[in-house]
Structure formats: C-alpha cells, structure tokens
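Presented below is the structure to which this report refers.
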Amino acid sequence: MKTMKIFHKTKFIFSIIFCAAFFSTLISCNKKNAQEQIPVAAEKIVNLEKKNSTFEWFCLTRGGFEKVGRPQKTPAIIKKPWTEALRISYMAQAAENSPLDIDAKSAPKVFALVNHLGVISLGADEIKVYKDDSIFTNRSAEKIVFMNGTPIISVYKNSFFNEKISAHEKFRPFLVQFAQDSGVFFPILTYENLALDEKTQVNDFCWNGTQWFCSTKSSDENETKFEYLKFRPETALLSISPERNFISIEESTEDEFRAYRRPQEFSYAPERVKELLKYLPTNFNFYAECKIASGPTPREYLHGKVSGGAMRKATVQISDTWVAALFEDGTVFLNGALYGQKILNGGKPIALRLPKLPDGYVYFDFGISGTQFFAAWEECEFFETGRAGFIKVDLAKILY
C-alpha cells in the first residue's frame with residue numbers, strides 16, 4: 001500500500017500550513033473576501049434586502065433550531081474548530097420522484113447535516129429535526145451522498161483535536177444510513193469492517209457511483225502516514241450492517257484516489273453549469289463544488305488559477321429541472337423551473353442577492369424544496385466557527 005510519511009518534527013508545521021492554504025485560498029472564510037460582492041450587472045440582480053417578507057432567519061441550537069430576527073441576534077457562543085462546532089457541515093438535495101418523498105406529491109427535500117447533532121429535513125411545508133446522540137454527539141459529521149436514493153452519512157473523530165479518539169471505543173461507525181420514513185440512523189459500515197485500527201482515521205472519501213475510495217491517516221509519536229484503499233460491496237450496501245460485513249477491500253494509491261478528488265478545469269464542467277455562470281467575468285477566479293440531486297460525491301471545477309488571486313467558492317446543486325449556484329457573499333444564480341412551476345426568465349439565468357451578512361459571516365451551502373430556498377450561514381474566523389444557522393427564502397413571492 002502506498003504511504004506518505006510526515007515525521008514528528010514537521011507534523012505540526014505541516015498541519016498549520018495546510019490549514020492556512022486551504023482556508024485562505026479555497027474556502028475564503030475571511031471578512032474581506034466574503035463581503036466583496038460577486039461582479040454581476042446591477043440590472044440582472046434581484047436584491048432580497050428590501051423584501052423582508054420573503055425570508056426568515058433560523059439559528060442552530062442543541063435541540064435543533066429556532067427562529068431569530070437576524071444572525072447577529074443569535075446568542076454569542078465560544079468559537080470552536082469547524083470539525084467540533086455545532087454547524088451545518090453539508091446540505092444534500094433529493095431528486096424529484098425520490099423514494100424519500102413519503103407523499104408522492106411532496107416536493108423533493110433538502111437534508112442539512114448538522115455537526116454533532118444529526119439531520120434537519122428541510123421541506124417546502126415542514127422542517128423537522130432527526131437526532132441520534134449515540135452517533136453524532138461525540139463525532140464530526142462530514143457529508144451526505146446518496147445510494148439508490150437513500151442518504152448515506154459519513155462520521156468521524158478528528159485526530160488533531162481529539163488525540164485520544166479511539167483507544168477505548170468498541171464501536172466506531174464510518175458510514176450511516178438515514179431512513180427518513182422512520183427517522184432512524186443505521187450504522188452500515190465501521191472502522192472495524194475496513195480493518196482499520198484505533199490509531200487510524202478516515203480523513204477523506206469518495207463514492208463515484210460504483211466504487212468507494214478512502215484516504216486514511218494514522219499517527220504515533222514519531223510519524224503520521226497516509227494510506228489509500230478502495231472497497232466495493234459484494235451485496236447491496238444498504239443491506240450491510242457492522243455484523244454482516246460483505247465487502248471486498250483492496251489497496252489503492254494516492255494517484256488513484258486523487259484522480260477523482262482532484263478539481264478539473266471549468267471547461268469540463270456540465271454544460272448546464274457553464275450556462276448558469278456564463279455572465280461572470282472571464283477573469284473572475286472561482287471554484288465550484290457541483291452536487292447532483294440524490295447523487296454521489298460532488299465534483300469540483302476551477303475557473304481561473306489559484307495563483308491568479310483568491311479563489312471564490314460556489315456551491316452548485318444540479319436538480320432534475322433546475323440548476324443553481326450560491327457564492328459566499330449571498331449571490332445566487334438560478335436557471336430552469338422549480339418543482340411544479342414554469343420555466344423562469346424564458347430559460348435564461350436569474351441572479352439573486354441574499355440579505356447581506358455581518359462582517360465575519362458567510363453563506364456556504366444550500367438546497368431548494370419546492371419554491372423554498374434554504375441556505376446555511378455561519379460566523380467564522382480562520383478555522384473556527386461560532387454562531388450558525390440557515391435562512392429560508394420564499395422564491396414563489398419573488399419569482400412567480
């Protein structure tokens with residue numbers, strides 16, 4: 001198995017440099033970049049700031065969420081590293097005609113994965129919290145992917161902030177199935193299933209629709225090493241449990257893993273995404289994390305070069321009838337037809353500007369259920385997160 005070793009003397013320095021480069025260049029979670037508005041012609045922007053009746057603010061709580069007047073009205077909390085904070089770590093969009101729509105006539109749901117809490121199901125008519133303390137309380141929740149229309153959640157403990165993560169844990173889940181009909185979380189794969197010892201952490205993974213790839217990290221007093229593996233279920237993954245381990249595991253390489261995770265040039269992005277963002281200046285540097293409704297791990301696309309200046313981040317959701325993108329300053333691009341509605345703007349992209357956030361806050365993920373738009377927001381400083389929540393926008397009042 002191919003490994004990459006980092007010796008103890010350089011371990012801490014490497015971690016700091018990596019975090020600094022990642023957050024300042026890509027995530028751009030800083031006051032200056034987040035508040036600089038995306039350059040779009042004023043006549044093409046619908047500004048929500050003057051449409052107070054069209055949106056509502058919510059903050060996260062240990063019980064789930066509650067309504068607030070503005071993000072800054074949320075009670076102040078101590079900032080924590082983003083892996084340890086109560087925050088929305090990922091938002092996933094269900095596809096139309098998804099088995100997750102209990103009522104066949106209901107609009108596709110949005111699932112907000114809340115770190116150290118569980119899942120908030122964001123629907124056009126209902127917002128509901130699903131918790132499981134045994135799984136989420138002491139673990140970080142990373143992302144949601146879909147297999148056969150079912151959400152699969154990855155959880156872990158960050159070894160950098162939890163040095164004694166696993167020495168005495170008898171049960172270490174890695175992948176967890178969310179069954180919305182019952183509101184229950186089912187662990188389907190553990191570290192033990194993958195033959196990973198207590199010193200090893202899965203620090204990244206991807207599901208490309210046919211195979212799973214993992215990057216693992218293990219540390220001791222002398223070194224930190226990264227290794228790679230891939231696995232394929234020998235039966236339907238959703239029928240697997242920690243006690244019924246029907247998977248085949250193979251060694252992989254860094255090159256094989258990075259081949260899927262490495263960002264591609266924007267020219268390779270889906271045509272619907274390129275059409276959506278065609279009004280941005282050609283010299284505007286950004287990268288887009290593109291998610292497909294009820295899909296596998298998202299792909300990332302770079303527009304411009306990192307060396308050409310700070311990259312702005314866009315989260316893109318590609319649904320059956322619409323495609324949308326959200327930038328951290330609150331600029332939204334939308335094209336297509338929302339669920340059960342007519343095509344917008346004659347098939348041309350529409351740009352919206354969400355209410356401006358206070359300094360030190362950003363928008364960073366979103367989803368749409370029916371005509372209800374949900375976007376996550378949070379207070380952040382470098383790698384730490386403070387207050388967090390989401391905004392709900394009634395697009396029917398604005399666009400139809």
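- With a 6.0 Å radius and a threshold of 12 heavy atoms from other residues, nucleotides or ligands, Glu265 has its CD atom at or below the threshold.
- No path of Ile, Leu, Val, Met, Phe, Trp and Tyr side chains, each step under 4.5 Å between heavy atoms, connects Ile88 with Val119, placing them in separate hydrophobic clusters.
- Relative ring orientation between Phe266 and Phe286 is described as perpendicular, the plane-to-plane angle rising above 60° on a 0-90° scale split at 30° and 60°.
- Linking ILVMFWY residues whenever their side-chain heavy atoms come closer than 4.5 Å, directly or via other members, leaves Met91 and Phe55 in distinct clusters.
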- Please step through side-chain contact (heavy atoms from CB on, under 4.5 Å) for the pair Leu334 and Leu395, ending with a clear verdict. CA-CA 11 Å; Leu334 175 63; Leu395 295 179; 4.3 Å; yes

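- Between the side chains of Thr321 and Glu96, at least one donor-acceptor pair of N or O atoms lies under 3.5 Å.
- Here the CH2 atom belonging to Trp212 is positioned 12.5 Å from the CG atom belonging to Leu229, to the nearest 0.5 angstrom.
- Between Val362 and Cys380 there is a side-chain heavy-atom pair separated by less than 4.5 Å.
- Between Val129 and Gly63, the shortest heavy-atom distance links the atoms CG1-O, 4.0 Å.
- Hydrophobic clustering of Ile, Leu, Val, Met, Phe, Trp and Tyr side chains at less than 4.5 Å, counting indirect connections, unites Val316 with Val40.
- With contacts defined as side-chain heavy-atom distances shorter than 4.5 Å, the pair Tyr90/Ser154 does not qualify.
- Ion pair Glu379/Lys79 flagged as a salt bridge, since at least one NZ, NE, NH1 or NH2 atom sits closer than 4.0 Å to an Asp/Glu carboxylate oxygen.
- By the rule that hydrophobic residues join a cluster once side-chain heavy atoms approach within less than 4.5 Å of another member, Val202 and Trp82 end up as members of one cluster.
- Cluster annotation: Val155 is not connected to Leu117 through the hydrophobic network of ILVMFWY side chains, with a link wherever side-chain heavy atoms come within less than 4.5 Å.
- For the pair Asp329 and Arg353, the salt-bridge criterion is met [side-chain N within less than 4.0 Å of a carboxylate O].
- Between atom CZ of residue Phe136 and atom CG of residue Leu113 there is a gap of 6.0 Å, rounded to the nearest 0.5 Å.
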- Show your working on side-chain contact (heavy atoms from CB on, under 4.5 Å) between Phe58 and Lys392 and close with a plain yes or no. CA-CA 8 Å; Phe58 299 87; Lys392 176 184 178 183; 3.9 Å; yes

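- Checked by atom type and distance alone, the side chain of Ser319 never pairs as donor or acceptor with a backbone atom of Trp322 at under 3.5 Å.
- The backbone N or O of Ile135 sits less than 3.5 Å from a side-chain atom of Arg139, completing a donor-acceptor pair.
- In this structure, NZ on Lys291 lies 10.0 Å from NZ on Lys143, to the nearest 0.5 angstrom.
- In terms of heavy-atom proximity, Pro173 sits nearest to Tyr191 at O-CE1, 4.0 Å.
- Because its NZ or CZ atom is both nearer than 6.0 Å to the ring centre of Tyr260 and within 45° of the ring axis, Arg299 counts as a cation-pi partner of that residue.
- Atom CD1 of Ile292 is separated from atom CG of Asp320 by 10.5 Å, given to the nearest 0.5 angstrom.
- Ring centers of Phe373 and Phe366: under 6.0 Å apart, within the cut-off.
- Heavy atoms from other residues, nucleotides or ligands lying under 6.0 Å from OH of Tyr268 number 12 at most.
- Side-chain contact check for Ile144 versus Pro151: some heavy-atom pair is nearer than 4.5 Å.
- Across every non-hydrogen atom of Cys59 and Thr74, the tightest pair is CB-OG1, 3.3 Å.
- Between Tyr339 and Pro108, the shortest heavy-atom contact is CD1-CD, 3.5 Å.
- Checked by atom type and distance alone, the side chain of Ser140 pairs as donor or acceptor with a backbone atom of Thr83 at under 3.5 Å.
- With hydrogens and angles ignored, the 3.5 Å screen pairs no side-chain donor or acceptor of Tyr130 with any backbone N or O of Ala179.
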- Item | Steps toward side-chain contact (heavy atoms from CB on, under 4.5 Å) verdict (Glu300, Leu302) | CA-CA 7 Å; Glu300 294 184 351; Leu302 287 174; over 6 Å; no

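- Side-chain atoms of Ser89 come within 3.5 Å of backbone atoms of Ala141 as a donor-acceptor pair (strictly under, hydrogens ignored).
- With hydrogens and angles ignored, the 3.5 Å screen pairs no side-chain donor or acceptor of His303 with any backbone N or O of Asn285.
- Considering every non-hydrogen atom in both Lys356 and Arg70, the closest pair reads O-NH2, 3.3 Å.
- In this structure, Asn208 contributes its side chain and Pro296 its backbone to no donor-acceptor pair below 3.5 Å.
- Ion pairing between Glu56 and Lys67 holds under the 4.0 Å rule for side-chain N and carboxylate O.
- When Ile127, Val110, Val114, Asp365 are each tested for a side-chain contact (heavy atoms from CB on, under 4.5 Å) with Phe390, only one passes: Ile127.
- With values rounded to the nearest 0.5 angstrom, Thr331 atom OG1 is found 9.5 Å from Leu352 atom CG.
- In terms of modelled atom types and a separation under 3.5 Å, the side chain of Asn115 and the main chain of Ala85 share a donor-acceptor contact.
- Of the candidates Phe231, Tyr228, Phe257, Phe174, Phe174 is the only one forming a ring pair (Phe, Tyr, Trp, His ring centres under 6.0 Å) with Phe205.
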- Task: Show your working on side-chain contact (heavy atoms from CB on, under 4.5 Å) between Leu326 and Gln317 and close with a plain yes or no.
- Result: CA-CA 9 Å; Leu326 169 68; Gln317 295 277 10; over 6 Å; no

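- Below 30°, between 30° and 60°, or above 60°: for Trp57 and Tyr363 the angle between ring planes is below 30°, a parallel geometry.
- For the pair Ser215 (side chain) and Asn203 (backbone), a donor-acceptor distance under 3.5 Å is absent.
- Heavy atoms of other residues, nucleotides or ligands lying less than 6.0 angstrom from NZ of Lys274 number more than 12.
- Ring geometry, Phe327 versus Phe333: the interplanar angle exceeds 60°, so the pair is classed perpendicular (tilted spans 30 to 60°).
- Looking only at side-chain heavy atoms (C-beta outward), Trp377 and Arg387 come within less than 4.5 Å of each other.
- Smallest separation of non-hydrogen atoms from Ile249 and Asn193: CD1-O, 3.4 Å.
- Side-chain N or O atoms of Asp394 include none that pairs as donor or acceptor with a backbone N or O of Thr54 at under 3.5 Å.
- Here the CZ-CD distance, from Arg172 to Glu192, works out to 5.5 Å after rounding to the nearest 0.5 Å.
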- Task: For salt bridge (charged side-chain N to carboxylate O under 4.0 Å, His left out), just list the numbers for Glu275 and Arg272, CA-CA rounded to whole Å, side-chain angles, deciding distance to a tenth of an Å, and then say yes or no.
- Result: CA-CA 5 Å; Glu275 176 70 15; Arg272 293 173 66 191; over 6 Å; no

